[in-house]
Amino acid sequence: MDTVKQPNRLESLILGIQHVLAMYSGGVLVPLMIGAALHFSATQMAVLISADIFMTGIGTLLQLKVTRFTGIGLPVVIGSAIQTVTPLVNIGSTLGIGAMYGATIGAGIFVFLIAGIFAKLRRFFPPVVTGSLITVIGFALVPVAIQNIGGGDPKAASFGNMPDLTIALVTIVTIVVLNIFAKGFLKAIAVLLGIIIGTIFAAFLGHVSIEPVLQASWFHLPTPFYMGVPTFHLSAIITMSVVALTSLIESTGVYFALADLTGTDLTEKDLARGYRSEGLAVMLSGIFSTFPYSTFSQNVGVVRLSGVKSKRPIYYAAAMLLIIGLLPKFGALATMIPSSALGGAMLVLFGTIGVQGITILHQVDFGQDRNLMIAALSIGAGIGITVYPQVFQKLPELIRLVIENAVVVTSVMAVASNIIIPGRKDN
């Protein structure tokens, strides 16, 4: 799978830090949003974030290590799935916190059980489908990067102010310059150095606070059922199982993107092991009072930009996530990074993923009208839903939860078009 030179331990550690920083803000965003919506106390929030980070390390290890039944065996990093926020808040506010975690455990069991069946969709993902899907995975996330560049909160009076835009620009320029002119390992850690230099620049502008570090505790051990005993409601489990399917579709796109980068030929068995690992991670998230996980696409951008395709840095990243989860004060260091610096890095990473999708599409024969129509319909629909997800606001909520996701819309359009339009050749 990976023919490149293995990085040494120090290089792997630094590359691992780069992966952690790339996913950290997204990793803590879900517990922050759900906790705020359900009015969790400051103590509860601190515990949940620590447990969430710790369990992302466990979930990442489940994906890295290939066993008979689990592990995709690619440089995968997992984190809390943003699409779970709305349904979890709805379940938690109506049926109670226990129902929220019961539904999460139920969804994890569902994913684990259907992994083998879902993996059989592999033959419906030729390059025109995977290329379209990866393109949308990248470009559909660009608005998130832009939001962070503006300061993170579009409703704030300070959104888009000059200091934030300047911090983002410094971060972007640093990454671009290093990626073009640097060589070897320095080039490989361009994203990390960009974030660091952007943060240092922000500190000179007075936009970095050490208060989160001072307030954080020194140690926390994740505890099963910290938020109470799970309760199981069929409607809640069905809702979260449907949402879990959207996460599987996103993960499928990430798997194919990493397979393309590492020169791996993914089989049905590989995909099934990856899906089972994700199901286990979701079950564990419910048991440890955190939130459902999915494969993070921003780390694909890190692999692409660094050029390091080895799993070794991801093992280091997983170890760091475990340590951060046990030491909240250490984890709070990452919260000092301003949103605008992260947004600048995200813009480069997400744009890179989109371009990787275009690179895959470059291999497709668009002289065939069916390929042109598949790409046009799926990418157009995906980008359109990214801009106006409210176009489906009149539909039932359960349907809306699924099709307001740009990646799901792209996948459904691409796979359905590939099946319906005459002339299909199975991959």
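For the numbers below, each heavy atom of this structure counts, side chains included, while hydrogens, waters and symmetry mates do not.
Side-chain N/O atoms of S158 and N161 include no donor and acceptor closer than 3.5 Å. D164 and S339 form no side-chain donor-acceptor contact under 3.5 Å, judged by distance and modelled atom types alone. Side-chain N/O atoms of S251 and E278 include a donor and acceptor closer than 3.5 Å.
For A272 against A115, the heavy-atom pair with the smallest separation is O-CB, 3.6 Å. Nearest heavy atoms, I172 versus G344: CG1-O, 3.4 Å. The two residues S93 and L38 come nearest to each other via the heavy atoms N-CD2, 3.8 Å. Scanning both residues, V409 and G382, for their nearest heavy atoms gives CG1-N, 4.4 Å. The two residues I91 and A103 make their nearest non-hydrogen contact at CD1-CB, 4.2 Å. R273 and T67 get closest at one heavy-atom pair: CD-O, 3.0 Å.
For the atom pair CG of N90 and CE of M100, the computed distance is 11.5 Å after rounding to the nearest 0.5 Å. The line from CD1 of I149 to OG1 of T166 is 11.5 Å long, rounded to the nearest 0.5 Å. The structure places CD1 of I287 at 11.0 Å from OG1 of T104, a figure rounded to the nearest 0.5 Å. Here I137 contributes atom CD1 and T410 contributes atom OG1; the two are 8.5 Å apart, rounded to the nearest 0.5 Å. Rounding to the nearest 0.5 angstrom, the gap separating the CG atom in L15 from the CD1 atom in I189 is 7.5 Å. Here T223 contributes atom OG1 and L221 contributes atom CG; the two are 5.5 Å apart, rounded to the nearest 0.5 Å.
Between L284 and L62 the shortest side-chain heavy-atom distance falls below 4.5 Å. Side chains of F296 and V76 form no contact here, defined as non-hydrogen atoms less than 4.5 Å apart. Between V303 and L258, the closest side-chain pair of non-hydrogen atoms falls below 4.5 Å. A 4.5 Å side-chain heavy-atom check between M320 and L13 finds at least one atom pair inside the cut-off. L192 is not listed as a side-chain neighbour of V302, based on a closest heavy-atom distance of 4.5 Å or more. Looking at heavy atoms from C-beta onward, F291 lies in side-chain contact with Y101 at the 4.5 angstrom threshold. Using a 4.5 Å cut-off on side-chain heavy atoms (C-beta onward), T171 and I197 make no contact. Put simply, the side chain of F232 reaches to within 4.5 Å of the side chain of I105, judged on heavy atoms.
Between F256 and F125, the gap from one ring centroid to the other is short of 6.0 Å.
The number of heavy-atom neighbours closer than 6.0 Å to CZ of R312, taken from other residues, nucleotides and ligands shown, is above 12. Sparse packing is recorded around OH of Y388, with 12 or fewer heavy atoms of other residues, nucleotides or ligands lying under 6.0 Å away.
Q356 places a side-chain N or O within donor-acceptor distance of the main-chain N or O of A257, the cut-off being under 3.5 Å. With Q63 contributing its side chain and V77 its backbone, the two residues share no donor-acceptor pair below 3.5 Å. Put simply, the side chain of K311 gets close to the backbone of L64: a donor and an acceptor are under 3.5 Å apart. Looking at S289, its side chain does come within 3.5 Å of a backbone N or O of Y226 through a donor-acceptor pair. With hydrogens and angles ignored, the 3.5 Å screen pairs a side-chain donor or acceptor of E11 with a backbone N or O of N8. Side-chain N or O atoms of K309 include one that pairs as donor or acceptor with a backbone N or O of L261 at under 3.5 Å.
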**Request:** Any chance you could lay out the side chain to side chain contact (heavy atoms under 4.5 Å, CB included) test for L248 and I114, step after step, and finish with the verdict?
**Result:** CA-CA 11 Å; L248 283 190; I114 68 158; 4.2 Å; yes
**Item:** side chain to side chain contact (heavy atoms under 4.5 Å, CB included) evaluation trace for F139 with I379
**Value:** CA-CA 10 Å; F139 292 145; I379 295 174; over 6 Å; no
**Request:** Begin with the C-alpha distance, continue with both residues' side-chain angles, and end with the deciding distance and a verdict on side chain to side chain contact (heavy atoms under 4.5 Å, CB included) for Y293 and D52.
**Result:** CA-CA 9 Å; Y293 298 120; D52 188 69; 3.2 Å; yes
**Asked** Please walk me through it: do L74 and L266 pass side chain to side chain contact (heavy atoms under 4.5 Å, CB included)?
**Response** CA-CA 10 Å; L74 292 170; L266 283 180; 4.1 Å; yes
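Classification of the Y255-Y275 ring pair by plane angle, with boundaries at 30° and 60°, yields tilted.
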